[in-house]
Amino acid sequence: MSKPTPLSGFPEWLPPQRAIEQYVVDRIRSTFELYGFAPLETRAVEPLDQLLRKGETSKEVYVLRRLQAAEDASDESLGLHFDLTVPFARYVLENAGKLTFPFRRYQIQKVWRGERPQEGRYREFLQADIDIVDRDTLPFHYEAEIPLVIGDALGALPIPQIRIQVNNRKVCEGFYRGLGLTDPEAALRAVDKLDKIGPDKVAELLIETAGATDSQAKACLRLAEISAPDTSFDAAVRALGVEHPLLDEGLDELVRVMEAAAEHAPGLCVAELKIARGLDYYTGTVYETQLVGFERFGSICSGGRYDNLASTGNERFPGVGISIGVSRLLGLLFGADALSVSRPVPTCVLVALPTEEQRAACDRTAAALRRRGIATEVSPSAAKYGKQIRFAERRGIPYVWFPGSDGAHDTVKDIRSGDQVDADAATWTPPAADLRQQVTGG
RNA sequence: GUGGCUGUAGCUCAAUGGUAGAGCGCCAGGUUGUGGCCCUGGAUACGCCGGUUCAACUCCGGCCAGUCACCCCA
């Protein structure tokens, strides 16, 4: 068999990176649970028609095909989910009778997208998603809670500080309508490109695709320029002189999100009126998250309010949610050398093996340490002690345990300092910092 | 999915149209009470496939992978 090669867009980490990923997921998970989000997992596949309800994303979906399937089975075809929100919406509809509302859940799962990979962009990647849905109507205050959860979840990690950029679709849509534009969606798509192509090109686009006049395009740009770390955006928008009921509603909501953030997490959120979000199902607050100092990475966590994603003929389950791009976040930080782990393996203690005959005794020592939660392995062979120490050193195992011979005490050596002391496997405990792998920034 | 750039040992990098070296790392041995220094020796690479050529790692094409832009978005 020839040497296997990597698959584009399907990253596989080495053990140290995987250790970091698990640590990060554990922390995120515990924060989500602290806010009362219930764990959930949905299947990896959805019927294709369910997945495509979201819009023109068909090209991104990996279709599942049975090798022996008849060719005419296409209308039953399945696709791998490309996010966790759409499957969740389906799940809510399916289980509405068994759930109690408002329902809040988290899901940390792989998703798949058939896109061209590059740094921080993969075809298979991990997302950590929270959503809150309610029946018929969803109180607005959840839109203010979501950023606080994320602030806690990501703030508890050894990663750069985050900044959540917040906007509200109603502000944009109301403003565009108040301005007299008839195709707010097109205007939104044009404004969304502001950072990429600049104001002049956006103005052209607004005129071409959204049917804006020159002065309407300029007004859209003036709205998009507004950015504030507090509620001062409200006055700035009103100063533009556009009136519309939806605009008032949106501004009011955005003010409340910013007020809640100011009280519970000062500096976390910034109102950024150019944030649009590509997905068309958002109807209210939208979020995008940057790492401070790593803005070039783009958004590592985004979401928003959706009113119509989970609805059948007569039932409606409006929701709000956000998703942390765990793989993207980690891939980018790994690339920037901004995350590291204290050792590549969990092992804290290596029990040295004097002779192969003493393996059983060494296994007992290891078992005694493990019983007290100390990750331990026994040396692979009874090589010279120098080699056994090197074995530990290579792996970053901090302690080597030496069985005492002829009734002498066992000893344990910290191979970083060289300190070696008498020790008893029933009582010895390493310093807390050495007990487990430690994840640190930088 | 479209286009650009890149692809030499585990890592960072050399050299050359006539089949490749260094540093670090790795392995073995020596020294060492139980390693880290030092000494000696060793293994490992031209991403893959094809074409041009007497001869290709070096030129050309395709593929794969990485990266960047578009697209889209975590």
Side-chain angles (χ1 to χ4, degrees), chain A residues 2-12 14 24 28 54-62 81-86 107-130 150 154 162 189 192-193 195-197 201 275-280 282 286-291 296-304 321-333 335 337 350-354 379 382-405 411-420:
Chain A
S2 58
K3 188 179 177 183
T5 57
L7 256 184
S8 182
F10 294 84
E12 293 179 315
L14 289 167
V24 164
I28 289 174
K54 188 172 175 181
E56 295 178 42
T57 46
S58 55
K59 288 174 213 148
E60 297 179 0
V61 175
Y62 279 108
H81 59 220
F82 54 81
D83 72 4
L84 300 174
T85 309
V86 170
Q107 250 175 279
I108 302 175
Q109 288 182 242
K110 287 282 180 65
V111 305
W112 295 267
R113 289 184 196 174
E115 287 179 358
R116 182 74 135 233
Q118 48 187 276
E119 191 180 27
R121 304 187 55 179
Y122 310 106
R123 290 172 158 165
E124 176 181 71
F125 58 97
L126 193 63
Q127 281 195 331
D129 193 294
I130 48 171
I150 295 301
L154 295 181
I162 63 163
R189 277 196 298 276
D192 193 36
K193 298 187 197 307
D195 281 341
K196 214 159 254 173
I197 63 179
K201 288 264 169 45
I275 297 298
R277 310 276 305 117
L279 303 180
D280 52 10
Y282 291 122
V286 290
Y287 317 97
E288 282 199 0
T289 308
Q290 295 180 328
L291 292 176
R296 65 177 184 89
F297 286 176
S299 177
I300 49 100
C301 173
S302 43
I322 194 165
S323 195
I324 301 172
V326 177
S327 300
R328 155 170 277 188
L329 176 66
L330 294 178
L332 293 167
L333 290 176
D337 255 328
L350 176 76
V351 178
L353 189 62
S379 181
K384 292 170 60 173
Y385 274 170
K387 281 204 171 182
Q388 298 192 42
I389 292 170
R390 261 163 51 118
F391 175 89
E393 191 185 15
R394 299 267 155 71
R395 267 146 245 260
I397 299 171
Y399 296 95
V400 177
W401 192 279
F402 295 97
S405 53
T411 55
V412 65
K413 174 177 184 137
D414 180 337
I415 64 174
R416 297 158 301 185
S417 63
D419 294 344
Q420 188 165 349

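First the proteins, then the strands, lettered A, B, ... as listed; each starts at 1. Since we're looking at a predicted model, the values are computed, not measured.
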If we call it a pair only when both distances are under 3.5 Å in a Watson-Crick or G-U wobble match, what pairs with [N]?
N     : result
B/A56 : none
B/U67 : B/G4
B/A22 : B/U12
B/G35 : none
B/A28 : B/U40
B/G17 : none

Rounded to whole Å, how long is the line connecting atom [atom1] of [X] with atom [atom2] of [N]?
X        : N     : atom1 : atom2 : result
A/Arg395 : B/C26 : CZ    : C1'   : 13 Å
A/Leu330 : B/A74 : CG    : P     : 17 Å
A/Glu288 : B/C73 : CD    : C1'   : 9 Å
A/Glu115 : B/C68 : CD    : P     : 14 Å
A/Asp195 : B/C70 : CG    : P     : 12 Å
A/Tyr287 : B/C73 : OH    : P     : 19 Å
A/Arg123 : B/A74 : CZ    : C1'   : 16 Å
A/Tyr62  : B/C72 : OH    : C1'   : 14 Å

Want to settle it: does A/Phe10 or A/Ile324 sit nearer the 5' end of RNA chain B, counting the closest nucleotide to each?
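Its nearest nucleotide being more 5', the pick is A/Phe10.
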Closest nucleotide of RNA chain B for A/Gln127 versus for A/Arg121: which of these residues is on the 5' side?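 Residue closer to the 5' terminus by nearest nucleotide: A/Arg121.
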Might you point out which heavy atoms bring A/Pro117 and A/Ser8 nearest each other, and give the distance in Å?
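Scanning both residues, the minimum pair turns out to be CG-OG, 3.1 Å.
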TODO: List the atom of A/Thr289, the atom of A/Cys301, and the distance in Å for their closest heavy-atom pair.
DONE: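 A/Thr289 and A/Cys301 have their closest heavy atoms at OG1-O, 2.8 Å.
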### Task
Verify the contact: side-chain N or O of A/Ser327 to OP1 or OP2 of B/A74, cut-off strictly under 4.0 Å; return yes or no.
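For B/A74, neither OP1 nor OP2 has a side-chain N or O of A/Ser327 closer than 4.0 Å.
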* Spacing of CZ belonging to A/Arg113 relative to CG belonging to A/Asp83, to within rounding of 0.5 Å ->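 Rounded to the nearest 0.5 Å, the CZ-CG separation comes out at 6.0 Å.
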**Study point:** From OG (A/Ser323) to CD (A/Gln107), nearest 0.5 Å
**Key:**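 So the OG of A/Ser323 and the CD of A/Gln107 are separated by 9.5 Å.
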[atom1] gap between [N] and [M], integer Å:
N     : M     : atom1 : answer
B/U58 : B/U52 : C1'   : 14 Å
B/A45 : B/G10 : P     : 8 Å
B/G35 : B/U31 : P     : 12 Å
B/G7  : B/C63 : C1'   : 13 Å
B/C48 : B/U8  : P     : 11 Å
B/G36 : B/U19 : P     : 40 Å
B/C24 : B/C39 : P     : 10 Å
B/U16 : B/A55 : C1'   : 13 Å

So what does [X] hit on the nucleic acid, given a heavy-atom distance under 4.0 Å: a base, only sugar-phosphate, or nothing?
X        : value
A/Phe391 : nothing
A/Gln118 : base
A/Lys110 : nothing
A/Gly303 : nothing

Tell me if a side-chain donor or acceptor on [X] pairs with a main-chain N or O of [Y] at a distance below 3.5 Å.
X        : Y        : answer
A/Arg123 : A/Glu115 : yes
A/Arg328 : A/Gln127 : no
A/Glu124 : A/Lys110 : no
A/Glu288 : A/Ser302 : no

With the side chain of [X] defined as its heavy atoms from C-beta on, choose the nearest nucleotide among [options].
X        : options             : answer
A/Ser8   : B/A65, B/A74, B/C71 : B/A65
A/Pro117 : B/A74, B/G66, B/C73 : B/G66
A/Arg116 : B/A74, B/C71, B/C70 : B/C70
A/Phe125 : B/C68, B/C72, B/A74 : B/A74

Please determine if A/Arg394 forms a cation-pi arrangement with A/Phe391, meaning its NZ or CZ atom is less than 6.0 Å from the six-membered ring centre and no more than 45° off the ring axis.
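That pair does not qualify as a cation-pi contact.
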* Asked: Looking at A/Tyr385, does the NZ or CZ of A/Arg390 lie under 6.0 angstrom from its six-membered ring centre and within 45 degrees of the ring axis?
  ->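 No.
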Expected string for nucleotides 27-41 of chain B under the B/S/- scheme (protein heavy atoms, under 4.0 Å, primed atoms plus P, OP1, OP2 as sugar-phosphate) is SSS--B-BBB-----
